[in-house]
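Single-structure report; data block below.
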Amino acid sequence: AQKITQTQPGMFVQEKEAVTLDCTYDTSDPSYGLFWYKQPSSGEMIFLIYQGSYDQQNATEGRYSLNFQKARKSANLVISASQLGDSAMYFCAMREAQTGANNLFFGTGTRLTVIP
Amino acid sequence: GAVVSQHPSRVICKSGTSVKIECRSLDFQATTMFWYRQFPKKSLMLMATSNEGSKATYEQGVEKDKFLINHASLTLSTLTVTSAHPEDSSFYICSATPGGGILRETQYFGPGTRLLVL
């Protein structure tokens, strides 16, 4: 079974609007971490935000926030006030404590296009 | 944030030759480094995990004799694609982590290397 599922291959958003990128995950490990990365056309992977399975509050980093719904096993990324520079691929990833704290499992990604 | 460099950023080689890609952590000691492969419009596929001073751990389906990994120091890991073929053409990305097993510790990614085998 896929550990990370991103069901949106592509998304469009108007500049200055908010957009939600979906991510669901599958794990039996009670201790895990969820990450979102941005990959612009240059190829580099840029870390955006982290959510731990035991964190009580949803993570926020500037215009990025994570809508963490533990019971539903979802960790959607919300980008507020979209900018043209937000156009990129976005990957959700998970790390499980029991498989070794260093391994990351990636989803298939969502390509976000911000429309002027 | 932490910086990881990769060299070269692009390489074109002839079929049958070997190509070495370097991954360096510039401002921290990387206990563990990872090598990923990414096909166009696809996700990252973990190829192997390397720990300084020990043999790399390869993922299922990745030929260790084809993709040689050497983690010679706490700041340098190299991936050598031996006897490259056109199907090895891909985007190779390394990442590094200080280690320590901290769950929230992100992997710091290099900028990637685009390999084209003719």
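In what follows, chains are A, B, ... by sequence order, proteins preceding strands, each numbered from 1. Quick caveat: nothing in here was measured; it's all calculated off a predicted structure.
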* To do: For chain B, find its close neighbours in residues 34-55 of chain A: heavy-atom separation under 4.5 Å, sorted by number, or none.
  => A:Phe35, A:Tyr37, A:Gln39, A:Ser41, A:Ser42, A:Gly43, A:Glu44, A:Met45, A:Phe47, A:Tyr50, A:Asp55
* **Candidate pair B:Asp88 and B:Lys66, rule side-chain contact (heavy atoms from CB on, under 4.5 Å), full reasoning** => CA-CA 10 Å; B:Asp88 298 326; B:Lys66 171 85 174 161; 2.7 Å; yes
* **Nearest atoms (heavy-atom pairs only) where B:Val117 meets B:Ser15** => CG1-CA, 3.7 Å
* Exercise: identify the closest heavy-atom pair between B:Val4 and B:Tyr108 -> CG2-O, 3.4 Å
* **Residue list, ring pair (Phe, Tyr, Trp, His ring centres under 6.0 Å) with A:Tyr32, at least two apart or on another chain** => A:Tyr25
* To do: Answer yes or no on whether A:Lys3 is positioned over the face of A:Phe105, meaning its NZ or CZ is under 6.0 Å from the six-membered ring centre and within 45° of the axis.
  => yes
* Do B:Met45 and B:Phe67 share a hydrophobic cluster (ILVMFWY, side-chain heavy atoms under 4.5 Å, transitive)? -> yes
* To do: Using heavy atoms and a sub-4.5 Å threshold, report which of residues 69-89 of chain A line up against chain B, by residue number.
  => none
* Asked: How close do B:Met33 and B:Ser77 get, heavy atom to heavy atom, and via which atoms?
  -> SD-CB, 3.1 Å
* **Atom pair CG/SG of B:Leu116 and B:Cys13 - distance to nearest 0.5 Å** => 7.5 Å
* Heavy atoms only: give me the nearest B:Thr31-B:Leu74 pair and the separation to one decimal. => CA-CD2, 4.1 Å
* Minimum heavy-atom separation for B:Thr113 to B:Gln6, with atom names? -> OG1-NE2, 3.0 Å
* Asked: Which one of B:Pro111, B:Gly112, B:Ser9 has the most heavy-atom pairs closer than 4.5 Å to chain A?
  -> B:Pro111
* Could you tell me which residues in residues 106-114 of chain A have at least one non-hydrogen atom under 4.5 Å from a non-hydrogen atom of chain B, sorted by residue number? => A:Phe106, A:Gly107, A:Thr108
* Do A:Leu66 and A:Tyr64 touch side chain to side chain, with heavy atoms closer than 4.5 Å? -> no
* Asked: Side chains of B:Thr82 and B:Asp65: does their closest heavy-atom pair fall under 4.5 Å?
  -> no
* To do: Please state whether the side chain, the backbone, both or neither of B:Thr106 comes within less than 4.5 Å of a heavy atom of chain A.
  => both
* Between B:Ile21 and B:Trp35, what is the shortest heavy-atom contact and its length? -> O-CH2, 3.6 Å
* Asked: Should A:Asn67 and A:Thr20 count as side-chain neighbours, where that means a heavy-atom distance under 4.5 Å?
  -> no
* Structure fact -> Under 4.5 Å to a heavy atom of chain A? For B:Gln38 that would be side chain
